[in-house]
Amino acid sequence: MRTPEQDAVAGRLRGAASLGLVVPPGTALVPGVRFADPAWTAQVLDARTPRRGPVERGTVATVWWYSASTVLVTPSLAGLVAGIPLSARLADLTVALLPGPTPIAAVAPTGAADPAADLRGTLAAVVAAVAEAGGVRERPLWAIATDALANALLTLGRATGRVPEVTALARPLAEAIGTPLPLPRYEDVGRARFTRRASCCLLYRMPAGSLCTSCPRRPPAERHALLEDVARRW
């Protein structure tokens with residue numbers, strides 16, 4: 001699955017495949033609107049629920065949304081950075097799934113030069129479906145969405161060597177999307193920039209899971225020390 005517009009965007013970004021802009025061969029393809037279907041989402045959560053150890057359904061739903069949200073917003077953000085608008089409308093997206101199922105890439109045709117309204121519609125529709133299927137509140141899922149937006153722009157900034165310029169897009173874009181999306185934040189540690197997370201993905205509650213380096217559940221001093229170590233190795 002490809003579109004000429006996304007191929008043009010991918011051609012301007014180093015490591016486009018690792019950014020989720022190139023569909024790996026042999027992956028299953030589903031229309032983006034499936035992600036707004038609570039019944040389909042419930043089936044996904046059933047498939048992703050570990051067979052060993054009790055894991056709450058809300059945890060599975062949150063981890064799913066953590067991976068899905070980044071994949072869904074990346075094409076339009078990549079288009080914004082590359083200067084070739086790609087659609088953020090859920091109806092225009094096709095998503096590639098690895099076994100699990102796990103979202104790995106998304107493909108979009110041309111879209112609006114200002115993606116805020118379309119991103120809002122996409123995020124609102126999928127957040128509602130995940131909340132219903134997973135039995136969780138919507139507000140924490142919106143916090144994950146703002147981290148997905150911030151992380152995607154930070155990754156795109158690194159891919160283009162324009163981290164300050166690209167991450168500066170995050171706040172005005174979030175403001176245009178509007179509440180209940182929290183405003184994204186960054187912090188500079190050493191010579192590296194990181195997302196200052198507004199959410200916890202709950203991955204640590206999964207079997208063999210652990211707290212992420214930047215997890216807001218870590219004590220601030222511990223988190224800063226871990227980020228300093230990462231920054232030194234870059």
Side-chain angles (χ1 to χ4, degrees), residues 20 23-24 27-75 88-91 93-106 119-152 155 174 177-184 195-219 223:
V23 172
T27 51
L29 299 177
V30 298
V33 292
R34 289 275 184 90
F35 286 72
D37 180 351
W40 181 82
T41 304
Q43 293 175 353
V44 168
L45 299 184
D46 290 342
R48 288 174 60 91
T49 298
R51 298 294 178 253
R52 56 186 178 86
V55 178
E56 294 181 357
R57 189 167 182 81
T59 297
V60 178
T62 301
V63 173
W64 159 255
W65 176 231
Y66 181 74
S67 61
S69 56
T70 298
V71 170
L72 292 174
V73 303
T74 291
R89 293 179 65 246
L90 203 56
L93 296 177
T94 300
V95 183
L97 300 177
L98 292 174
T102 301
I104 188 65
L119 278 168
R120 178 177 178 82
T122 290
L123 293 173
V126 186
V127 161
V130 174
E132 180 178 338
V136 294
R137 295 184 301 115
E138 290 192 8
R139 189 164 293 275
L141 301 180
W142 279 100
I144 287 176
T146 206
D147 286 345
L149 185 152
N151 282 332
T155 301
I177 293 170
T179 56
L181 185 74
L183 294 179
T195 297
R196 187 166 185 179
R197 297 263 299 275
S199 70
C200 176
C201 64
L202 300 186
L203 188 60
Y204 76 97
R205 293 184 181 177
M206 299 291 282
S210 60
L211 288 178
C212 301
T213 299
S214 59
C215 182
R217 293 180 181 274
R218 290 188 182 276
R223 184 173 62 248

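Bear in mind the structure is a predicted one, so any value in this text is a computation, not a measurement.
Under the salt bridge (Lys or Arg N to Asp or Glu O under 4.0 Å) criterion, the residue pairs touching residues 197-213 are Asp147-Arg197, with sequence neighbours excluded. Counting only residues at least two apart or on different chains, no salt bridge (Lys or Arg N to Asp or Glu O under 4.0 Å) pair has a member in residues 120-140. Listed by first and then second residue, the ring-ring contact (aromatic ring centres under 6.0 Å, His included) pairs that reach into residues 120-142 come to none, sequence neighbours excluded.
Counting heavy atoms from C-beta on, the side chains of Val73 and Leu123 come closer than 4.5 Å. Inter-residue side-chain proximity for Cys212 and Cys201 is flagged as met; some heavy-atom pair is nearer than 4.5 Å. The side-chain heavy atoms of Val44 and Pro101, taken from C-beta on, include a pair separated by under 4.5 Å. Looking only at side-chain heavy atoms (C-beta outward), Arg217 and Leu202 come within less than 4.5 Å of each other. Between Val55 and Val60 the shortest side-chain heavy-atom distance falls below 4.5 Å.
Not one N or O on the side chain of Arg34 forms a donor-acceptor pair closer than 3.5 Å with the backbone of Val95. In this structure, Thr122 contributes its side chain and Leu90 its backbone to a donor-acceptor pair below 3.5 Å. Judged by distance alone, with hydrogens and angles left aside, the side-chain atoms of Arg57 form a donor-acceptor pair with the main-chain N or O of Ala133 at under 3.5 Å.
Every residue two or more places apart in sequence or in another chain that forms a side-chain hydrogen bond (donor to acceptor under 3.5 Å, both in side chains) with Asn151 is listed here: Thr195. Qualifying side chain to side chain contact (heavy atoms under 4.5 Å, CB included) partners for Ile104, counting only residues two or more places apart in sequence or in other chains: Pro24, Thr27, Ala96, Leu98. Residues passing the ring pair (Phe, Tyr, Trp, His ring centres under 6.0 Å) test with Trp64 are Phe35, sequence neighbours excluded.
When all heavy atoms are compared, the tightest approach of Gly58 to Val136 is CA-CG1, 3.3 Å. When all heavy atoms of Pro75 and Ala106 are compared, the closest pair comes out as CG-O, 3.6 Å. When all heavy atoms are compared, the tightest approach of Asp37 to Ala39 is OD1-N, 2.9 Å. Taking all atoms of both residues into account, the shortest heavy-atom contact from Ala174 to Pro184 is CB-CD, 3.3 Å. Considering all non-hydrogen atoms of both residues, Ala61 and Leu45 come closest at CA-CD2, 3.6 Å. Across all non-hydrogen atoms, the minimal contact from Pro182 to Ala143 is CG-CA, 3.9 Å.
If you take CG on Leu29 and CG on Leu97, they are separated by 8.0 Å, rounding to the nearest 0.5 Å. Rounding to the nearest 0.5 angstrom, the gap separating the CG atom in Leu203 from the OG1 atom in Thr59 is 10.0 Å. Ser214 OG to Arg223 CZ: the interatomic distance, rounded to the nearest 0.5 Å, is 8.0 Å. Between the OG1 atom in Thr179 and the CD1 atom in Ile177 there is a gap of 11.5 Å [rounded to 0.5 Å]. Thr146 OG1 to Leu141 CG: the interatomic distance, rounded to the nearest 0.5 Å, is 13.0 Å. Note that the CD1 atom of Ile144 and the CH2 atom of Trp65 stand 8.5 Å from one another [nearest 0.5 Å].
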